[in-house]
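To start, the structure itself, in structure tokens.
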Amino acid sequence: MHTEIILSTKNPYILPSTLRSHGWVDLLPNIPDEKVESFSRVERLSSGKVINIHAASLGSKLPKIIITVKHEDALMQIERNEIVKRVRYMLRLDENLRGFYDLCKKKGNKWKNFTEGRGYLLRSPEIFEDLVKVICTTNIQWGGTKRMVKELVESFGVPFPGDPALLSFPSPESISSISLEEFKDCVRLGYRAGYIYELSARITSGDLKLNGLIDTSTPAAEVKKRLIEIKGVGNYAAASMLMLLGRYDQIPVDTVFRSFMKAKYFDNKPFSEEEGLSIYEDWGRWKYLAYWNEMLAFYYPKAEIK
DNA sequence: GTCCAGGTCGCGC
DNA sequence: GCGCGACATGGA
């Protein structure tokens, strides 16, 4: 059976832009449609029920988000609420980028055409999933990231009863239920296996709680410190996580940043990290969005979404 | 075969 | 607080 849930948006919002904002939509269990205007994924709810959700948008100014849920038994209200919460989180429907849009208008030039409703970056419903995925982007090419995430999902995800080929993202418990040696054998994560295994084990044992990282009353610097305390998370991964947690004042300095900055601002000559970061200094709490969207426009000028 | 990727860790100074 | 090699794996 299936159930439709309709979400309202309170800010300008362009779903295809969110889906194309970075590579996350291409990492399992996310599956985009061919045009990347909607996507689906399998979710294991707290109740244990495994469902398949599909999210699309309808309308333009303040679009409706149409969630189509495929499920076996009837959905309980508490399960519907959880689905809504997760989709709103993934799509950042409760995030307001007004400050960024205003700054774009002030900046003028190319920035004044930055369409309101763009700028949202897709994220995962759980911080654990985003953390694992970010660790899987370190010191490897994108193809490797996709392969590692795929292997994790295929080895530890739970199947959707309506189509057992479709799997959820693994829970920390499913990973830490086997030994590290067994884990290394079934998923080729390279040296990252230890990091992801330890992360899973610490969450399972209750030693590490990730939900506190969302708390907006905690200073970003404190959140970053806690992130870096996680094995396998360094400066780049922590800055990426801050972005995924809705804080844009840090820029992840990686090969993407360096090669883009070198080409765009430094005439292909070497530059220091400090010099690079200073370019976005006046974007205040919106540095990441300025950098990322400028980078996208630089490499994919035709990908502009109206 | 060799190099290195959307880096990070742990060591030695 | 910095510099540097090691790290698993597969694609370029």
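Throughout, a chain's letter reflects where its sequence line sits, starting with A, and its residues are numbered from 1.
Between A:Tyr13 and A:Tyr120, the ring planes lie tilted relative to each other; the angle falls in the 30° to 60° range.
Contact check for A:Phe156 versus A:Pro172: no side-chain heavy atoms found under the 4.5 Å cut-off. Here the side chains of A:Tyr195 and A:Leu189 are not in contact, with every heavy-atom distance at 4.5 Å or above. Residues A:Glu294 and A:Trp111 are in side-chain contact: their nearest non-hydrogen atoms beyond the backbone lie under 4.5 Å apart.
A:Ser259 OG to A:Phe298 CZ: the interatomic distance, rounded to the nearest 0.5 Å, is 9.0 Å.
Atom C1' of nucleotide C:dG11 and atom CZ of A:Arg188 are separated by 13 Å, given to the nearest angstrom. A:Ile140 places its CD1 atom 10 Å from the P atom of C:dT9, with the value rounded to the nearest Å. Atom-to-atom, CD1 of A:Ile196 to P of C:dT9 comes out at 13 Å; the value is rounded to the nearest Å. The CZ-C1' distance, from A:Arg147 to B:dG6, rounds to 16 Å in whole Å. What separates CH2 of A:Trp24 from P of B:dG6 is a distance of 13 Å, to the nearest Å. Nucleotide B:dT8 holds its C1' atom 15 Å from the CG atom of A:Leu189, rounded to whole Å. The NE2-C1' distance, from A:His22 to B:dG6, rounds to 12 Å in whole Å. In this structure, OH of A:Tyr197 is placed 17 Å from P of C:dA8, rounded to the nearest angstrom.
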Below 3.5 Å between N/O atoms, which protein atoms pair up with nucleotides 2-4 of chain C? Just atom names and distances, please.
none

I'd like a table of atom pairs between the protein and nucleotides 9-13 of chain B - only N or O on both sides, under 3.5 Å - with the distance next to each one.
| unit_1 | atom_1 | unit_2 | atom_2 | d |
| --- | --- | --- | --- | --- |
| B:dC9 | OP1 | A:Gly232 | N | 2.8 |

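The side chain of A:Tyr191 lies closest to B:dG7 when the candidates are B:dT8, C:dT9, B:dG7. Among the nucleotides C:dA8, B:dA5, C:dT9, the one closest to any side-chain atom of A:Arg192 is C:dA8. Ranking B:dG6, B:dA5, B:dT8 by closeness to the A:Asn139 side chain, first place goes to B:dA5.
Separation of the P atoms belonging to B:dG6 and C:dC2 is 26 Å when rounded to the nearest angstrom. The gap from the P atom of B:dC9 to that of C:dG10 amounts to 22 Å, rounded to the nearest Å.
Ion pairing of A:Glu275 with A:Lys269 is absent here, as no side-chain N (NZ or NE/NH1/NH2) approaches a carboxylate O to less than 4.0 Å. One finds no salt bridge joining A:Arg44 and A:Glu126 here, because no Lys/Arg side-chain nitrogen approaches an Asp/Glu carboxylate oxygen to under 4.0 Å. With respect to the salt-bridge test (charged N to carboxylate O, under 4.0 angstrom), the residues A:Arg98 and A:Glu116 qualify. Salt bridge status for A:Arg123 with A:Asp130: absent, with no side-chain N to carboxylate O gap under 4.0 Å.
Heavy atoms only, all atoms of each residue included: A:Val36 and A:Pro32 are closest at CG1-CB, 4.2 Å.
Less than 4.0 Å separates DNA chain B from at least one heavy atom of each of the following residues of residues 243-257 of chain A: A:Asp254, A:Thr255, A:Val256.
Here the side chain of A:Asn30 pairs a donor or acceptor atom with the backbone of A:Trp24 at under 3.5 angstrom. A distance-only check finds a donor-acceptor pair linking the side chain of A:Ser168 to the backbone of A:Val158 [under 3.5 Å].
Among the atoms of the strands shown, only primed sugar atoms or phosphate atoms (P, OP1, OP2) are found under 4.0 Å from some heavy atom of A:Ala237.
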